[in-house]
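Every chain is numbered from 1 and lettered A, B, ... according to where its sequence line falls, protein lines coming before strand lines. From a predicted model like this one, the values you see are computed outputs, not experimental measurements.
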Amino acid sequence: MELAKAYDPKAAEEDHYKRWEESGFFTPEINQDPAAEPFSIVIPPPNVTGSLHMGHALQHTIMDALTRWKRMQGFRTLWLPGTDHAGISVQRKVVEQLKKEEHKSPLDIGREEFVRRAWKWKELYGNTITEQMRREGASVDWTRQRFTMDDSLSLAVRNVFCTLYEEGQIYRGLRIVNWCPKDKTVLSDLEVKEETKKDGKLTYLKYPVKGTDKTITVATTRPETMLGDTAVAVNGNDERYKDLVGETVLLPLTTREIPIIADEYVDAEFGTGAVKITPAHDPNDYLVGQRHELQQILVMNMDGTMNAEAGPEFDGLDRFVAREKVVEEFEKLGLLEKVDDYEITLPVCERCKTIVEPILSEQWFVKMDEMRDLALELMRSGGVPHFSPQVPHEKVYTAWLENLKDWTISRQLWWGHQIPAWYDEDGNIFVARSEEEAIAKSGGKSLTQDSDVLDTWFSSGLWAFSTFGWTGDKGEKQLIAYSSQLTDGIQTDLETFLPTDVLVTGRDIIFLWVSRMVMLTKKFTGQNAFEDVVITGTVLGKDGKPMSKSRNNGVDPIEMFDKFGVDATRIYLASIATGADIRWNDVGVETYRNFANKIWNATRFCLMNSDGGRVSEFALAIITPDPKRQAYMKEEQTRRQSQTPERDWYEIYSEIAIEERANVYSLAERWIISRLNRTAIGVHRALETYQFHEAVQLLYHFFWDDFCDWYIELVKDDITAEQASRERDISRTRILSVLEESLRLLHPFMPFLTEELWQKLPGTGSYLHNSAYEDAEKTIMLTQFPTGSTGLVDKAAEVEMGAVIDLIKKVRNIRAEMNISTSIKFAVYIAASSAMQQVFAANEPQILKLAKAESLVIGDTLDVPKASAKAVTNDASLAIPLEGLIDFEKERERLSNQIAKLTEEKTRLDGQLSNASFVERAPVEKVQELRDRQIELENQIGTLRNNLNSLE
RNA sequence: GCCGUCUUAGCUCAGUGGUAGAGCACUCGCUUCACACGCGAUAGGCCACAAGUUCGAAUCUUGUAGACGGCACCA
């Protein structure tokens with residue numbers, strides 16, 4: 001079989017996903033093992049208005065790698081997908097559409113029609129992300145896809161709301177809230193962002209004191225709110241104003257007389273020391289107002305214009321127009337003291353950037369005390385959830401919880417979960433799970449439902465359990481059941497998959513979403529939502545700033561997929577240190593595109609030389625320790641009773657003691673098995689601790705350096721021998737088996753490429769699957785993930801191979817430095833210990849080939865002419881006679897450089913070892929290690945000096 | 001104001017209380033029968049700065065500077 005010369009990702013990406021999905025590989029039902037441990041992840045549901053960005057691609061890559069890795073280990077694995085209804089975003093889209101296409105406002109068509117259109121919009125445009133996720137190769141279970149407004153999830157929302165209300169944890173109250181005049185809805189504290197305005201103004205207004213000719217000056221950044229002032233406050237200890245407390249101010253532009261009061265809230269040091277109090281438009285003033293029983297006068301409408309309370313002059317004016325007018329009027333009255341430039345940070349709406357107006361409004365709130373304590377207790381007693389990276393997120397999360405305030409959950413929108421509260425004509429509230437129930441509660445009155453909907457995060461806060469069928473109905477039969485013919489009963493998804501194992505998300509929604517899931521899940525199911533939370537970093541634009549439309553520095557994942565392939569993009573994203581921000585650069589992806597091509601071509605080479613060889617389960621058994629599989633294969637072996645090449649490999653390798661293997665196996669084979677196992681162990685360990693970048697580094701260097709640069713080159717002659725032979729078949733079987741194992745290790749990161757190649761390898765089949773998936777159609781994604789075995793890490797082989805590699809590198813170095821053409825062959829003289837002499841002799845053909853040498857002369861000493869280039873390694877000294885080719889000047893320089901380098905190291909060592917306190921206090925092994933190295937260096941330097949002298 | 005993170009090779013980034021690493025770029029070779037998206041060989045760092053702890057610090061502590069993030073306040 002011959003592959004194309006270069007890897008074309010598109011071809012591989014087209015077919016496999018469809019087959020995986022249609023074959024049910026993504027569903028937990030594929031697992032036939034009744035005793036399988038569950039592993040579950042719920043996706044952070046993207047907004048239906050969203051399209052895939054790099055942050056998603058990063059998070060999805062990590063979730064998919066974890067999911068595939070666990071699935072390959074035989075876990076009953078579920079990665080649950082879905083989307084969020086995204087209240088404000090969808091509402092805004094539909095309003096825009098309505099305006100553009102029909103020149104209508106929501107009020108023109110009414111609530112029912114509006115909601116109908118929002119659903120239509122969602123059906124039409126809400127699947128962008130889910131389609132893009134298929135392109136990513138995400139192994140999510142589409143049969144369990146959820147939407148936050150699905151019937152069962154909505155039922156869960158109503159039940160949670162009612163329960164909290166009945167417990168007194170949800171209440172309706174009049175508070176100063178964050179109001180967005182553009183969206184005309186209240187916002188929670190978390191949806192308000194700060195924006196610094198350098199051109200702000202601080203306006204000083206003089207208020208006349210009644211019955212005197214005095215004035216009292218207050219400073220404000222929002223002059224228009226003075227129309228709602230109901231007091232002026234000073235600090236009671238402020239000598240300047242002591243005698244004014246209790247006096248009355250004639251509030252300009254109005255007919256009101258308001259008191260001067262003393263309150264400790266006022267900082268005498270700040271501004272004029274006197275503060276205008278507007279209880280209906282400022283949270284602090286609101287509190288002052290409560291303490292002094294002040295009137296609350298709302299002077300603004302919900303769209304940011306002034307209302308009748310502001311007076312006929314101002315009624316209907318926009319808040320900013322009114323602001324200017326107030327200042328003008330004060331100027332006219334001679335009551336404007338001054339206007340200072342003032343840098344101010346303003347609260348703005350997270351989504352539309354409109355300046356948020358603090359305003360008095362009646363809203364629904366959740367008391368967070370009880371749930372906060374639940375979450376804090378989880379963290380304190382069990383460290384749950386465990387954040388990766390732990391620093392700084394655990395501390396920030398905990399500190400936030402400790403200062404948690406009540407949560408504003410009502411939103412003045414139509415798209416979302418309408419609040420299950422009804423009112424009678426007298427304003428009595430009836431909270432119920434349905435209108436019928438509410439009417440019943442009211443004794444049959446005619447009721448009107450609260451027109452507000454719930455904060456989107458209220459429903460997504462239930463995501464960790466509502467997606468598994470929890471509705472909160474008492475004694476209900478759970479809606480979604482996982483049925484297994486292998487268990488005695490029926491276990492619900494909720495029982496099987498909650499708590500989920502890990503949540504992967506960005507740090508921006510730790511408070512908004514993560515914390516609320518922790519609290520609500522514990523409260524309503526008694527379970528933890530998840531054990532671990534992996535917080536990914538932010539993918540920044542090429543300019544080092546967060547990607548955004550306004551900066552136009554975004555990088556579209558789909559474009560990267562098209563340009564470099566999905567797998568290359570995925571493994572690049574996985575190569576970023578967990579939690580670290582990364583500045584995007586295409587070169588990084590290109591590196592992994594090249595890596596993908598390298599894998600392709602290594603496989604291409606193996607396939608070009610695969611006749612007589614095949615992937616062997618027996619070869620693999622020794623590098624994938626799975627007792628169940630090994631037992632199965634023993635049986636299989638007996639059953640087959642056939643003489644296959646892999647038989648030798650398995651029987652001999654697994655049954656021979658490690659120190660005996662050298663007698664039977666080539667160094668290259670012992671070495672690559674050792675490296676493969678070391679890599680598998682490292683990758684497995686890295687994934688267990690969410691160190692994805694470490695796993696990627698290990699795989700990259702194992703595959704490229706160890707497998708391609710050394711193993712393939714070392715065994716190339718055996719593999720490509722023209723004559724068919726039993727030895728050639730065995731060699732081919734071995735390299736195919738190592739390759740197959742490598743593809744499995746790579747699969748969680750590069751699913752398409754590995755499946756494409758694995759399917760082409762001779763001898764692959766469903767018998768290689770993890771025993772939980774024996775019956776499934778053949779696919780790499782259900783094979784056993786290699787976890788490696790320490791028993792197969794062969795230190796002797798690594799030391800010996802290291803000596804061979806060093807030797808070859810020195811010879812290559814001499815050739816390069818001496819500018820000797822590869823067409824010129826030469827003899828290499830080697831002096832080494834007798835043990836190493838054996839190693840070099842045993843690998844002579846490989847050394848000759850890779851060093852492009854003609855012959856080796858191995859002995860105890862070097863016996864070479866003066867015109868030779870020389871070098872030393874840790875294990876040998878070598879010389880290459882180069883009569884007529886050697887440039888003595890260059891050779892002297894080369895030797896001197898090496899001596900200088902080694903001497904520098906030795907000087908450092910000498911210093912350290914002559915330090916008495918080091919020798920005394922450092923661990924013995926460390927001291928010994930340095931002493932050994934010191935002797936080694938002494939020898940090498942001595943040899944090089946002699947070499948240099950012999951050139952003089 | 002409070003809390004926190006980062007500062008390592010030209011660039012983008014890993015990393016560990018015990019001789020500094022990768023990819024890319026650079027330099028020098030190579031039409032070597034899988035791969036030029038390649039192969040081979042070099043070069044390149046007082047690990048921001050200062051002090052401390054330690055036998056030993058790039059790694060731990062404190063401080064300084066710069067970059068960034070979160071929270072709070074803002075009359």
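Partner of A:Lys276 under the side chain to side chain donor-acceptor pair (under 3.5 Å) criterion, chosen from A:Thr225, A:Thr230, A:Asp285, A:Asp282: A:Thr225.
Among the atoms of the strands shown, only primed sugar atoms or phosphate atoms (P, OP1, OP2) are found under 4.0 Å from some heavy atom of A:Asp709. Across all strands shown, A:Val266 has heavy atoms under 4.0 Å from base atoms, whether or not it also approaches the sugar-phosphate. Residue-level contact check: A:Lys5 touches the backbone only, with heavy atoms under 4.0 Å from sugar-phosphate atoms and none from bases. Nucleic acid contact for A:Glu713: base, since at least one base atom lies under 4.0 Å from a heavy atom of the residue. Across all strands shown, A:Cys606 has no heavy atoms under 4.0 Å from either base or sugar-phosphate atoms. As judged by a 4.0 angstrom heavy-atom cut-off over every strand, A:Thr221 is placed among residues touching the sugar-phosphate backbone only. Within the 4.0 angstrom heavy-atom criterion, only backbone atoms of the sugar-phosphate kind lie near A:Leu202; the bases stay farther away. Residue A:Lys901 is in sugar-phosphate contact alone, with no base atom involved, counting any heavy-atom pair closer than 4.0 Å across all strands shown. Residue contacts shown for A:Arg583 are limited to sugar-phosphate atoms, with no base heavy atom under 4.0 Å away. Residue A:Glu920 is classed as having no contact, given no heavy-atom separation below 4.0 Å to the nucleic acid. Counting any heavy atom pair closer than 4.0 Å across all strands shown, A:Ala577 reaches sugar-phosphate atoms only and no base atom. A:Thr345 comes within contact range of at least one nucleobase, with a heavy-atom separation under 4.0 Å.
For the OP1/OP2 pair of B:U32 and a distance below 4.0 Å, the side-chain nitrogens and oxygens of A:Lys852 include no atom meeting the criterion. Phosphate contact (OP1/OP2 of B:C3, side-chain N/O of A:Lys395, threshold under 4.0 Å): absent. Taking 4.0 angstrom as the limit, A:His393 places none of its side-chain polar atoms (N or O) nearer than this to OP1 or OP2 of B:G4.
Between A:Arg933 and A:Glu929, none of the side-chain N atoms (NZ, or NE/NH1/NH2) sits under 4.0 Å from a carboxylate O, so this pair counts as no salt bridge. Between A:Asp806 and A:Lys810 there is no salt bridge, since no side-chain N of the basic residue sits under 4.0 Å from a carboxylate O of the acidic one. Comment: A:Glu713 engages A:Lys716 in a salt bridge, judged by a side-chain N to carboxylate O separation of less than 4.0 angstrom. In this structure, A:Asp581 pairs ionically with A:Arg507, as a charged nitrogen and a carboxylate oxygen lie closer than 4.0 Å. Under 4.0 Å is where a charged nitrogen must lie from a carboxylate oxygen, and between A:Asp340 and A:Lys201 no such pair does. The existence of a salt bridge linking A:Arg240 and A:Asp238 is confirmed by a sub-4.0 Å separation between a basic side-chain nitrogen and an acidic carboxylate oxygen. One finds a salt bridge joining A:Asp263 and A:Arg291 here, because a Lys/Arg side-chain nitrogen approaches an Asp/Glu carboxylate oxygen to under 4.0 Å. A salt bridge links A:Arg222 with A:Glu357: the distance from a Lys NZ or Arg NE/NH1/NH2 to an Asp or Glu carboxylate oxygen falls below 4.0 Å.
A cation-pi arrangement, defined by a distance under 6.0 Å to the six-membered ring centre and an angle within 45 degrees of its axis, is absent between A:Lys598 and A:Tyr700.
Taking atom CZ of A:Phe918 as the reference point, atom P of B:U54 lies 17 Å away to the nearest angstrom. Taking atom CG on A:Asp586 and atom C1' on B:C13, their separation rounds to 16 Å, with Å as the unit. Computed from coordinates, the A:Leu757 CG to B:C35 P distance equals 15 Å when rounded to whole Å. Going from atom CD1 of A:Ile824 over to atom C1' of B:C30 covers 14 Å, rounded to whole Å. To the nearest angstrom, P of B:C71 lies 10 Å from CH2 of A:Trp400. Computed from coordinates, the A:Asn284 CG to B:A72 C1' distance equals 12 Å when rounded to whole Å.
Taking for each of A:Ile808 and A:Ala580 the nucleotide of RNA chain B with the nearest heavy atom, the 5'-most of the two is the partner of A:Ala580. Map A:Lys926 and A:Ser917 each onto its nearest nucleotide of RNA chain B; the residue landing nearer the 5' end is A:Lys926.
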Fill in: Watson-Crick or G-U pairs under 3.5 Å in RNA chain B, rendered as dot-bracket with [ ] for crossing pairs and | for another strand
(((((((..((((....[..))))..((((.......))))......(((((..]....))))))))))))....

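Taking only distance into account, the side chain of A:Glu722 never meets the base of B:C33 through a donor-acceptor pair shorter than 3.5 Å.
For an aromatic pair to be called close, the ring centres must be under 6.0 Å apart, and A:Phe564 with A:Tyr592 fails this.
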Please write out the pairs of protein N or O atoms and N or O atoms of nucleotides 20-28 of chain B separated by less than 3.5 Å, giving the distance to one decimal.
from: B:G23; atom 1: O2'; to: A:Thr591; atom 2: OG1; distance (Å): 2.5

